[in-house]
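Let me begin by presenting the structure, written as structure tokens, before commenting on it.
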Amino acid sequence: MRVAFGNDHRGFPLREKVLTALRRLGHEVIDVGTFSPDPVDYPDIAEKVGRMIQRREVDRAILICGTGLGMCIAANKIPGVRAAPCHDDLTAEMSRRHNDTNVLCLSADMLGEQLVDRMVEIWLSTPFEGGRHARRVGKIAQLEEEARELLREQGCTDP
């Protein structure tokens, strides 16, 4: 699987642990950084990764910031991204099983390394159940399309 990876400065201490886990699990990683603990704006990283999901250059992505929340909010602004901030094994599993998430958002400040390692493995290996959940994910896609249409009607040329 092709997996995009991004972190901000708060996520920097956890980045090597996650990158190592991804490679150990046999995934191809596209790392967009940041590559140092110097401050960066998390929306910039989330946009890079989210656009890769949107253009289908990668299958899934992982984003890390202090809480996982900022990255999640920013990534979810990009149509086609279904990002979830997960904090334990169950949320990682259910975000895939029921919501077909394509971006896992993690907290560098609130999660231990062993838990992160398990969550990454669970999230990457859990299939989407489909069925009634596919109908619901389809409704999310419809909401995105309606928002794009509204922007087009308002004269926005790049929704």
Side-chain angles (χ1 to χ4, degrees), residues 1-134 136-138 140-141 144:
M1 186 179 315
R2 287 178 53 98
V3 180
F5 175 83
N7 61 277
D8 70 358
H9 55 284
R10 297 265 303 277
F12 184 77
L14 193 55
R15 73 177 264 110
E16 286 307 318
K17 177 72 173 167
V18 174
L19 289 169
T20 298
L22 289 169
R23 291 181 181 118
R24 176 180 47 79
L25 293 167
H27 300 289
E28 179 185 350
V29 179
I30 294 86
D31 183 359
V32 304
T34 190
F35 305 102
S36 79
D38 297 334
V40 297
D41 294 335
Y42 62 82
D44 298 336
I45 304 295
E47 180 182 12
K48 285 180 189 176
V49 167
R51 296 286 181 208
M52 294 174 84
I53 289 284
Q54 184 183 50
R55 292 187 301 259
R56 298 183 181 177
E57 297 169 357
V58 295
D59 304 299
R60 303 228 196 121
I62 297 176
L63 291 168
I64 306 173
C65 65
T67 63
L69 299 175
M71 287 285 201
C72 185
I73 292 167
N76 276 320
K77 298 299 179 188
I78 298 169
V81 169
R82 288 179 309 281
C86 296
H87 54 269
D88 56 29
D89 295 351
L90 183 60
T91 54
E93 178 184 352
M94 297 311 287
S95 76
R96 283 287 312 135
R97 206 172 284 291
H98 289 186
N99 308 113
D100 197 20
T101 55
N102 50 22
V103 179
L104 172 63
C105 299
L106 298 171
S107 167
D109 295 346
M110 297 183 280
L111 301 172
E113 288 184 3
Q114 287 181 325
L115 176 58
V116 166
D117 200 43
R118 273 196 333 265
M119 288 171 59
V120 166
E121 188 166 352
I122 289 168
W123 187 77
L124 289 168
S125 65
T126 299
F128 177 50
E129 281 185 3
R132 69 185 186 278
H133 304 295
R136 295 164 185 163
V137 170
I140 294 169
E144 288 176 339

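All values below were derived from every heavy atom in this structure, side-chain atoms included, with hydrogens, water molecules and symmetry-related copies excluded. As the structure is a computational prediction, the values presented were derived from the model and not from experiment.
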When rounded to the nearest 0.5 angstrom, what distance separates CD1 in I62 from CZ in R15? 12.5 Å

Set of side-chain hydrogen bond (donor to acceptor under 3.5 Å, both in side chains) partners for E129, sequence neighbours left out: H133

Show the nearest heavy-atom pair for residues V103 and V81, with the distance to one decimal. CG2-CG1, 3.8 Å

Measuring only between side-chain heavy atoms, which start at C-beta, is V3 closer than 4.5 Å to D59? no

If you measure from CG on D89 to OG1 on T91, what distance do you get to the nearest 0.5 Å? 8.0 Å

In the structure I gave you, are the side-chain heavy atoms of E144 and R82 within less than 4.5 Å of one another anywhere? no

Could you check if a side-chain atom of I30 sits within less than 4.5 angstrom of a side-chain atom of E57, using non-hydrogen atoms only? no

Which heavy-atom pair separates V32 from G6 by the least distance, and what is that distance? CG2-CA, 3.9 Å

Around atom CZ of R55, are there more than 12 heavy atoms from other residues, nucleotides or ligands closer than 6.0 Å? yes

Side chains of V120 and L106, heavy atoms from C-beta outward: is any pair under 4.5 Å? yes

Does some side-chain heavy atom of M71 sit less than 4.5 Å from a side-chain heavy atom of I64? no

For A92 versus W123, what's the shortest heavy-atom pair and its separation? O-CD1, 3.4 Å

Could you give the distance from CE (M1) to CG (L22), rounded to the nearest 0.5 Å? 10.0 Å

Are any side-chain N or O atoms of R96 and backbone N or O atoms of T101, one a donor and one an acceptor, separated by less than 3.5 Å? yes

Would you say the side chain of D8 lies within less than 4.5 Å of the side chain of D41, judging by non-hydrogen atoms? no

Of all heavy-atom pairs between A74 and A46, which one has the smallest distance, and what is that distance? CB-CB, 3.6 Å

Side-chain donor or acceptor of R2 paired with backbone N/O of R56 under 3.5 Å: no

For C72 against A83, the heavy-atom pair lying closest together: SG-O, 3.5 Å

Supply the atom-to-atom distance L124 CG to R60 CZ, rounded to the nearest 0.5 angstrom. 6.0 Å

Is there a side-chain contact (heavy atoms from CB on, under 4.5 Å) between F128 and R97? Walk through the geometry before answering. CA-CA 4 Å; F128 177 50; R97 206 172 284 291; over 6 Å; no

To the nearest 0.5 Å, how far apart are CD in E47 and CD1 in I78? 5.5 Å

Rounded to the nearest 0.5 Å, how far apart are CZ of R118 and CD of E93? 12.5 Å

Passes side-chain contact (heavy atoms from CB on, under 4.5 Å), D117 versus R24? Steps please. CA-CA 11 Å; D117 200 43; R24 176 180 47 79; 3.0 Å; yes

Pairwise side-chain contact, L14 with N7, heavy-atom cut-off 4.5 Å (strictly under): no

Heavy-atom check, side chain of L63 versus side chain of Y42, under 4.5 Å: no

